[in-house]
Amino acid sequence: MTSLAEKLSDVIGAVFAAHDLPETLGHVRVSDRPDLAQFQCNGAMAAAKLAKKNPREIANDIAEKLKDEPALSKIEIAGPGFINLNITDEFLAMHLAGITGDERLGVAAFASEGEEIVVDYGGANVAKAMHVGHLRPTIIGDCVKRILDFAGYKALGDVHMGDWGLPMGQIISEFEELNPDWIYFDSDIEGPYPETPPFSYSELEKIYPEASIACKADSARLEKAKQATKDLQDGRPGYRALWQHFMGLSKDNLKRNFDSVGVHFEIWKGEADVNSLIPAVEKDLREKGLVAESEGALVVPVSEESDKKEMPPLMYYKSDGAMTYGTTDLATIYDRVQLYGEALAKIVYVTDKRQNLHFEQVFRAAGKAGYAIEAPELVHIGFGTLNGPDGKPFKTRDGGVMRFDQLVSMAIDKAMQRLMEADLAGDFDDSEKQNIAHKVGVGAIKFADLSNQPHVDYIFDMDRMVSFEGKTGPYLQYQAVRIKSLLRKAEGQGDAPGCDFIIKDEDRALALLLTEMPDVFELALQNYMPHHICEYAYKLASAFSSFYANCHILSEKDEALKASRLALCDLSRRQLELTLGWLGIEVPERM
RNA sequence: GCGCCCGUAGCUCAACCGGAUAGAGCACCGGUUUUCUAAACCGGGGGUUGCAGGUUCGAGUCCUGCCGGGCGCGCCA
């Protein structure tokens with residue numbers, strides 16, 4: 001199964017090959033001049049360069065050979081050597097019947113049996129409230145995971161919590177400052193410690209900002225925090241017990257936040273989980289001659305002769321002996337390779353693009369150490385900053401940082417408000433209204449985010465996003481809902497989607513569009529760019545909406561045409577639900 | 001200083017290995033509901049793709065220089 005354009009590419013590629021030209025020149029794509037043709041092949045012009053011939057001449061030769069191709073209804077040469085193609089409605093109908101009968105709607109699997117990919121995303125931290133900055137890694141990472149999953153990989157999301165650095169020491173020493181009599185701080189005692197923490201999650205959450213400010217203002221406090229960090233990492237029992245409390249409370253809170261947007265992780269590890277591997281990795285690096293002492297620190301030089309820019313070494317141990325996130329990231333690769341072995345095809349990181357240099361260092365070090373040479377492939381998806389309508393980093397009206405849960409409930413509230421205004425929800429009970437508002441609000445946020453290319457900064461405008469008009473998540477959900485409703489009505493009057501497609505003028509645009517999905521999926525998969533899927537899903541919803549406005553389906557007198565159109569509706573619905581599913585957006589039954 | 005990313009309609013964004021007349025949404029103007037959900041549909045205006053060169057049959061896309069914005073550059077994560 002493939003896209004229609006790919007089928008045509010095979011046919012035309014064979015003709016190019018028969019002329020001793022590269023088969024890839026036969027690449028056919030959807031025409032960007034729909035007024036002239038449905039598909040186009042630009043290979044004749046590239047071939048002209050290679051063969052030093054006139055492009056139109058080559059195009060004519062190719063066209064001549066295609067004359068008897070039954071799938072094609074029109075072959076024209078235009079401009080400098082474009083080959084314009086139309087297909088017959090019969091061929092189109094046959095293709096649609098093919099994908100209708102396919103569970104995967106024509107999208108091929110890309111992975112071999114058993115290949116696994118770890119997707120490291122979310123950017124969650126222990127003891128820190130999730131805020132607007134966690135939106136992008138959560139949404140993009142989840143989407144990437146879903147795409148990889150559909151491609152046939154076993155995609156494992158790892159939340160990889162920030163649970164081991166200086167912030168931990170800062171919180172511990174802040175608690176010590178406030179409650180010096182707590183049992184956790186008595187270095188003569190090694191436990192047992194209380195099962196339940198002496199503080200709540202919301203108290204914990206407030207401590208970190210206070211500790212951070214205190215350390216900035218007072219270098220002695222910072223030193224204490226650094227010492228606490230080191231002691232924690234070295235295993236001081238009281239600190240470890242306290243830290244376990246942070247972990248328990250924080251995980252519950254993170255799960256609540258991620259659950260609220262339908263994001264779930266297979267792996268709940270963090271930086272701390274590789275703590276015990278740090279010395280082993282160090283030993284390994286030493287044996288391989290990869291480390292150097294520098295200014296009291298232990299580093300892994302990763303610069304290369306060919307480097308145009310300065311490439312600082314990866315810091316393994318700081319001069320105070322503490323580890324950095326470079327240490328834990330490298331050890332985590334080591335850990336994953338040990339754990340998954342040959343099955344591990346890739347490790348994909350979704351973080352802020354400002355960490356580009358960091359990941360380049362880590363990846364180079366992993367390559368030098370032999371943890372990731374051919375496989376696993378290490379991929380960093382760096383996304384851009386989320387800005388407010390003023391183009392500066394997003395802030396609340398009073399200049400603060402917006403919390404994640406606050407943001408989500410704002411969108412849901414807006415969706416609820418719209419639902420009431422629309423006057424469609426009169427007979428829905430409260431729980432269904434809640435359910436719809438939730439799906440619509442979250443869908444709006446996700447679609448708005450994923451519509452942008454990952455690496456660019458983008459402007460997050462809540463008002464625009466929750467207008468729910470035009471190119472928004474709710475528009476797509478709405479179209480899917482209309483189809484579902486239509487299909488229910490059809491069933492009620494005894495009509496069902498047929499197996500044969502009849503292509504009239506009113507059907508053709510939608511029918512042609514429905515053949516493109518596999519190419520879009522491949523594009524998004526190979527470049528880790530969900531916005532291509534957004535674009536396609538929107539085009540599909542829009543094409544359906546036009547079709548729907550143009551043809552009254554249930555009153556169609558021609559029974560065969562009615563069945564065909566219902567089949568077109570059903571295929572549109574399946575594609576919409578599938579593509580939205582890749583984006584992590586759910587479609588309600590009605591809205 | 002060195003390096004990376006970005007600059008496209010009033011605003012927010014697309015444009016698949018370089019392809020034909022650069023597309024959407026919002027906003028603006030006008031129209032559509034006794035039939036399947038109007039969170040909809042149809043039509044209209046709106047562009048020297050930051051600037052200047054270059055490569056090419058062909059450049060928003062590739063190369064060089066400049067202007068403007070963002071970010072990064074060993075002991076924060």
Side-chain angles (χ1 to χ4, degrees), chain A residues 5 24 27 29-33 35-36 40 42 45-46 48-49 55 78-82 84 123 125 162 164-167 212 271 294-299 301 307-320 322 324-326 328-329 351-358 361 382 384-385 387 389 391-392 415 418-419 421-422 424 440 448 451-453 455-459 461 464 467-472 474-475 477-479 481-490 493 519-520 522-523 527 531-532 534-535 538-539 542 545-546 548-555 569 590-591:
Chain A
T24 53
H27 177 71
R29 50 183 255 197
V30 173
S31 175
D32 50 23
R33 288 290 304 273
D35 53 320
L36 298 180
Q40 64 182 19
N42 303 338
M45 288 166 302
K49 258 180 199 167
F82 296 103
N84 285 335
N125 289 308
W164 209 227
L166 181 63
S212 175
E271 295 171 331
S294 172
E295 297 167 40
L298 188 73
V299 301
D307 282 339
K308 286 269 188 282
K309 59 184 170 186
E310 270 182 69
M311 179 59 63
L314 181 84
M315 176 88 38
Y316 200 82
Y317 286 131
K318 299 190 287 190
S319 51
D320 67 359
T324 71
Y325 74 139
T328 56
D329 278 345
T351 78
D352 192 300
K353 68 178 174 186
R354 283 175 293 198
Q355 295 188 29
N356 277 346
L357 181 60
H358 165 71
Q361 291 173 297
T385 314
N387 292 329
K392 296 190 180 130
R418 182 69 191 91
L419 188 61
E421 283 167 16
L424 286 163
V440 168
S451 295
N452 298 282
Q453 300 185 61
H455 69 278
V456 300
D457 296 345
Y458 94 101
I459 293 188
D461 185 340
R464 182 157 49 81
S467 70
F468 306 145
E469 275 173 21
K471 197 173 179 177
T472 62
Y475 173 83
Q477 291 168 317
Y478 179 65
Q479 299 312 329
V481 162
R482 289 211 294 187
I483 307 177
K484 286 189 187 190
S485 170
L486 173 63
L487 291 168
R488 273 197 301 269
K489 279 227 164 74
Q493 65 179 57
D519 290 338
V520 173
E522 189 172 350
L523 196 61
N527 301 301
H531 77 285
H532 289 118
C534 294
E535 191 68 27
Y538 175 72
K539 270 161 74 179
S542 175
S545 198
S546 299
Y548 179 87
N550 204 16
C551 305
H552 198 271
I553 295 158
L554 294 182
S555 62
C569 290
R590 47 185 192 169
M591 64 189 272

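In the text below, chain A, chain B and the rest are named by the order of the sequence lines, each starting its count at 1.
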Report task. Using only heavy-atom distances, decide whether a donor-acceptor pair under 3.5 angstrom links the side-chain of K392(A) to the base of rG69(B). Result -> no

Query raised in the report: Hey, does the side chain of H532(A) come within less than 4.0 Å of rA15(B)'s phosphate (OP1/OP2), counting only N and O?
Result: yes

Requested in this report: Respond yes when some side-chain nitrogen or oxygen of R418(A) is under 4.0 Å from OP1 or OP2 of rA39(B), and no when none is.
Outcome: yes

Report task. For rU56(B), give its Watson-Crick or G-U wobble partner with both distances under 3.5 Å, or none. Result -> none

Query raised in the report: Would you say the side-chain atoms of R482(A) and S545(A) include a donor-acceptor pair closer than 3.5 Å?
Result: yes

Report task. Choose from rC4(B), rU37(B), rC41(B) the nucleotide whose nearest atom is closest to any side-chain atom of R590(A). Result -> rU37(B)

Query raised in the report: Atom CG of D32(A) and atom P of rA24(B): how far apart are they, to the nearest Å?
Result: 13 Å

Report summary line: Out of rA24(B), rU12(B), rA39(B), minimum distance to the side chain of P474(A) belongs to rA39(B)

Query raised in the report: Is any side-chain heavy atom of R590(A) less than 4.5 Å from a side-chain heavy atom of K484(A)?
Result: no

Query raised in the report: If we only count heavy atoms from C-beta on, is the R29(A) to N42(A) side-chain gap below 4.5 Å?
Result: yes

Query raised in the report: Out of rC36(B), rC13(B), rG70(B), which has the shortest distance to the side chain of Y458(A)?
Result: rC13(B)

Report task. Please determine if a side-chain N or O atom of R354(A) lies less than 4.0 Å away from the OP1 or OP2 oxygen of rG70(B). Result -> no

**Report entry** rG47(B) - base-pair partner by Watson-Crick or wobble geometry, distances under 3.5 Å
**Finding:** none

Report summary line: Out of rG74(B), rG25(B), rU37(B), minimum distance to the side chain of Y548(A) belongs to rU37(B)

Query raised in the report: If you find the nucleotide of RNA chain B closest to T324(A) and the one closest to V30(A), which residue's nucleotide is nearer the 5' end?
Result: V30(A)

Query raised in the report: When you check the phosphate oxygens OP1 and OP2 of rA24(B), does a side-chain N or O of S542(A) lie under 4.0 Å from one of them?
Result: no

Query raised in the report: Nearest to the side chain of R33(A), which nucleotide is it out of rA39(B), rC57(B), rU21(B)?
Result: rU21(B)

Requested in this report: Indicate whether F82(A) forms a stack on rA20(B); treat it as stacked only if centroid distance is below 5.5 angstrom and interplanar angle below 30 degrees.
Outcome: yes

Query raised in the report: Atom NE2 of H531(A) and atom P of rG25(B): how far apart are they, to the nearest Å?
Result: 17 Å

Requested in this report: Choose from rA24(B), rA39(B), rA20(B) the nucleotide whose nearest atom is closest to any side-chain atom of Y538(A).
Outcome: rA24(B)

Query - Partner nucleotide, any strand, of rG72(B) [Watson-Crick/G-U, under 3.5 Å] - result: rC2(B)

Requested in this report: Establish, with yes or no, whether the OP1 or OP2 oxygen of rG1(B) is under 4.0 angstrom from a side-chain nitrogen or oxygen of K309(A).
Outcome: no

Report task. Examine rU35(B): is either OP1 or OP2 under 4.0 Å from a nitrogen or oxygen in the side chain of S555(A)? Give yes or no. Result -> no

Report task. Compare side-chain N and O positions of Q453(A) against OP1 and OP2 of rA15(B) and report whether any pair is under 4.0 Å apart. Result -> yes

Query raised in the report: To the side chain of N84(A), which of rA77(B), rA39(B), rA20(B) is closest?
Result: rA20(B)

Query raised in the report: Is a salt bridge present between K309(A) and D307(A), judged by a nitrogen-to-oxygen distance below 4.0 Å?
Result: no

Report task. Over 60° means perpendicular and under 30° means parallel, so classify the ring planes of Y475(A) and Y538(A), tilted if in between. Result -> tilted

**Report entry** Polar side-chain contact Q40(A)-rA20(B) base: donor and acceptor under 3.5 Å
**Finding:** yes

Report task. Please determine, for the side chain of E310(A), which listed nucleotide (rA14(B), rG1(B), rC76(B)) has the closest atom? Result -> rG1(B)

Query raised in the report: Side chain of K49(A): nearest nucleotide among rC13(B), rC41(B), rG58(B)?
Result: rG58(B)

Query raised in the report: Please give, in whole Å, the distance from rU61(B) P to N42(A) CG?
Result: 18 Å

Query raised in the report: Between H532(A) and N527(A), do the side chains contain an N or O donor and an N or O acceptor separated by less than 3.5 Å?
Result: no

**Report entry** Between P of rC11(B) and CG of D461(A), the distance in whole Å
**Finding:** 14 Å

Requested in this report: Report the nucleotide, chosen from rU37(B), rU12(B), rG74(B), that has the shortest atom-to-atom distance to any side-chain atom of M315(A).
Outcome: rG74(B)

Query - Residue met sooner reading RNA chain B from 5', once R488(A) and N452(A) are mapped to nucleotides - result: N452(A)

Query raised in the report: Got a donor-acceptor pair under 3.5 Å from the side chain of S319(A) to the base of rC75(B)?
Result: yes

Query raised in the report: Are H552(A) and rC36(B) stacked, counting the six-membered base ring, centres under 5.5 Å, planes under 30°?
Result: yes

Query raised in the report: Whole Å only: how far is the NZ atom of K539(A) from the P atom of rA15(B)?
Result: 11 Å

Report summary line: Any strand, both distances under 3.5 Å, Watson-Crick or G-U wobble: rG18(B) pairs with none

Query raised in the report: Any donor-acceptor pair under 3.5 Å joining the side chain of Y325(A) to the base of rA77(B)?
Result: yes

Report summary line: Heavy-atom nearest pair, S451(A) first then H531(A), reads O-CB, 3.2 Å

